[in-house]
Amino acid sequence: MEASFEITLQMVIAVFTGISAQVLAAYLRVPSIVLLLLLGILLGSDGLGLLHPHLLGTGLEVIVALATAIILFEGGLNLDLRELGRVSISLQLLVTQGTLITLLGGSMAAHWLGEFPWNIAFLYASIVVVTGPTVVGPLLKQINVDRQVATLLEGEGVLIDPVGAILAFVVLDTIVNGDADPINAIIGLVVRLGIGGAIGGVGGYLMSLIFKRANFLSFELKNLVVLAVLWSLFILAQTIRSESGVMTTVIAGAVFANSSVPEERLLRSFKGQLTILSVSVLFILLAADLSIASVFALGWGSLFTVLVLMFVVRPINILFCTWNSDLNWRQKLFLSWVAPRGIVSASVASLFAILLTQRGINGGDAIKALVFLTIIMTVVCQGLTAGWVAKLLQITSKQATGAVIVGCNPLSLLIARFFQERGENVVIIDTDSEFFPQAEAQNLRVIARSALDADVLEEAGLAAVGTFLAMTNNGEVNFVLAQRAAEEFKPPRVLAVFPRDPQAPSGANSKVSQAFIPDLAIKSWNEYLNDGRVKLGTTTLDGAEFSSQQEHIQEKIRTGALLPLLLEREERLQIMPAIHEWEIGDRIIYLLHDPRPNLLKRLSGATQSTPLSLEKLSEVEEVPVAKLAQLSASEATGG
């Protein structure tokens, strides 16, 4: 009874500490793995002595195996084949050629600098080939790096995990059995990947059928059925060929996620929660089992080994794997900087330490210590600085430029003109060709197809631009288009012209901002533009008259005389959202309705074909004296 209580206490402490670390990390906005490692070590035998994972015996290996299956399956669920297709060549090279570069570079560093024998050096390098999706994913969400870089890092983290884990077991098998034939090692790797991939593909399809066809099951039960099938597939693959199960879980998740399964978000939510729990418990237990003395015993050579892995091997890896890609030097530099190791490396290293010790082979504890040193250094150094580096290199998603506009009309062409003058790429999508000649005259790229087709949005390059704007004459369609763009392509700024209360679920428009003003009469303003009944103005909000300027402009907006189009802040141009806090120094570009008859307009020289010129307009710049007096009185009363 005492033994069972002791094991129960160990698990409760691990769960409570792990979840507490996740909560604290969310509050402090730091990578959770940093706190998980610190708290795990603090509670372990070299700290407060509250956690003793060795009491779990072989149960620790079972927990590691089943939890890893959940973590990798959740990683597979997050693989979007459409997004991966945009970086497919670089990703393939990172998973294949990059694995070889890291294996060779890491083993040479461990042998020459860490003074490990070649077999142990190769084993270490095979373990740290993988990057951690459970570290990379939350990190990328926190810093909002541009989508192309994020997709490449996420795809590398998920796909290289099974490859690296299987590679590590192949190397271990070679060391244990004394078989140095590289052909046998390669065959073993390919066979495991093939078996795991085949079982995972069939299993993922089976899971999708369950979700689609088993309507008699509740959502909660479907989620649990998928979990049961996942673990069954994992064990089946492991039974057929050891260590092929890790590939099975990733492929099963990827096939399921790309099978257009209804209510898939419910499963994602469930698996996401299980993953957080699994990562939290595993890191606490594995870190608590780490001997700090063994880490310090490694010496300076091992420290230099990790530094070479981070600052020499990784940049070489990225340089060769992205040589012919369209990534710029800033993106490549960020990819070179971010490669944190995570739970798979820690799990494999812990299991290897046990297996090597059982086989009487020296070096198990040293490998575990060196792997954890690698995890600590990469996570702390790269995890805590990634946001700062992304801002320094200007590759955060908020800094992405260019626009995709749905709706080819006078108003959209005017907006496109301003982005184009800034040197930003603009693509217009519409099925109505009425204004195509004007667009072509501006040298704008036009796609004459429906934006409801996701392939059209992909062709327009939406994944790499900063702004999506839907402004057709149909507000409901605009809202739906903007929702899809936000969910599938995740541009940093998504706006649409739609009614004040669109027919959408409550809170569904949180990712979509209403463009310009509420309830914009877009047809009327397009007619004004077409007939030349507008003026194009610009004004800058200054500190001395900020309140009066703002009130004067808002009053003209309320009367329907003024339409704010664009906002320039810190030299960045953006579409004006309907709800937005203006600041001192903001430059506003707007249209002012000029109701003069068309005949008088034409006599004064303004025609439909004459481009509008940007100017300061007295109607907006000169605040009426009565209004100034009223504002001054109200301010004095308030004082």
Side-chain angles (χ1 to χ4, degrees), residues 61-81 84 91-92 95-96 99 126 129-130 133-134 154-173 184-214 217 221-261 264 267-268 270-272 274-275 278 282 343-344 347-348 351:
E61 298 179 37
V62 175
I63 293 171
V64 168
L66 295 181
T68 301
I70 293 174
I71 292 166
L72 293 179
F73 178 74
E74 202 258 347
L77 282 177
N78 292 326
L79 285 178
D80 189 325
L81 297 184
L84 291 179
L91 184 58
Q92 290 170 19
V95 176
T96 53
T99 298
S126 67
V129 156
V130 303
T134 54
E154 288 172 344
E156 178 195 20
V158 173
L159 293 178
I160 210 170
D161 262 7
V163 174
I166 292 174
L167 174 64
F169 276 96
V170 169
V171 174
L172 177 67
D173 190 48
N184 292 336
I186 293 172
I187 291 174
L189 176 64
V190 172
V191 169
R192 285 176 170 87
L193 290 173
I195 292 173
I199 294 175
V202 174
Y205 179 71
L206 175 64
M207 292 178 190
S208 67
L209 284 182
I210 293 173
F211 250 70
K212 291 177 181 178
R213 304 286 176 83
L217 296 177
L221 196 53
K222 283 182 180 179
N223 290 338
L224 293 174
V225 168
V226 168
L227 178 62
V229 172
L230 170 66
W231 277 342
S232 301
L233 293 171
F234 177 75
I235 293 301
L236 174 62
Q238 292 287 89
T239 304
I240 296 175
R241 188 78 177 199
S242 64
E243 311 318 323
S244 59
V246 286
M247 190 65 176
T248 296
T249 56
V250 171
I251 297 300
V255 170
F256 183 92
N258 290 274
S259 298
S260 301
V261 177
E264 180 193 336
L267 179 68
R268 284 180 184 271
F270 174 63
K271 288 296 184 288
L274 285 180
T275 297
S278 301
L282 280 186
I343 193 64
V344 173
S347 303
V348 172
L351 291 178

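Any value given below was found using the heavy atoms of this structure, including those in side chains, with hydrogens, waters and symmetry copies removed.
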With a 6.0 Å cut-off on ring centres, are Phe211 and Phe256 close enough? yes
Rounded to the nearest 0.5 Å, what separates atom CG in Leu236 from atom CD1 in Ile195? 10.0 Å
Is any side-chain heavy atom of Leu72 closer than 4.5 Å to one of Val344? yes
Looking at every non-hydrogen atom in both residues, tell me the closest pair between Leu282 and Ser347 and how far apart they are. CD1-OG, 4.2 Å
All heavy atoms of Gly164 vs all of Val130, minimum pair found to be CA-CG1, 3.5 Å
Can you list the steps and then say if Val163 with Thr96 is a side-chain contact (heavy atoms from CB on, under 4.5 Å)? CA-CA 9 Å; Val163 174; Thr96 53; over 6 Å; no
Minimum-distance pair of heavy atoms, taken over all atoms of Glu61 and Leu351: CG-CD2, 3.5 Å
Distance (rounded to the nearest 0.5 Å) between Thr239 OG1 and Phe234 CZ: 10.0 Å
To check you understand the geometry: which heavy-atom pair defines the closest contact between Leu193 and Met247, and what is its length? O-CG, 3.7 Å
Hey, what do you get for CZ (Phe270) to OG1 (Thr275), rounding to the nearest 0.5 Å? 10.0 Å
Check: Ile70 and Leu227 side chains under 4.5 Å, non-hydrogen atoms: yes
If you measure from CD1 on Ile199 to CG on Leu206, what distance do you get to the nearest 0.5 Å? 13.0 Å
Looking at every non-hydrogen atom in both residues, tell me the closest pair between Pro162 and Val158 and how far apart they are. CD-O, 3.1 Å
First locate atom CZ of Arg192, then atom CD of Gln238, and finally report the distance between them rounded to the nearest 0.5 Å. 9.5 Å
Is there a side-chain contact between Phe73 and Leu77, using heavy atoms and a 4.5 Å cut-off? yes
side-chain contact (heavy atoms from CB on, under 4.5 Å), that's the test. Do Ile71 and Asp161 meet it? Break it down for me. CA-CA 10 Å; Ile71 292 166; Asp161 262 7; 5.8 Å; no
What distance separates Leu230 CG from Lys271 NZ, expressed to the nearest 0.5 Å? 7.0 Å
Before giving the answer on side-chain contact (heavy atoms from CB on, under 4.5 Å), spell out for Ser278 and Glu74 the whole-Å C-alpha distance, their side-chain angles and the decisive distance to 0.1 Å. CA-CA 11 Å; Ser278 301; Glu74 202 258 347; over 6 Å; no
Asp173 and Glu243: side-chain contact (heavy atoms from CB on, under 4.5 Å), yes or no, with the steps? CA-CA 11 Å; Asp173 190 48; Glu243 311 318 323; over 6 Å; no
Minimum heavy-atom distance between Val129 and Ile160, given as atom pair plus value: O-CD1, 3.7 Å
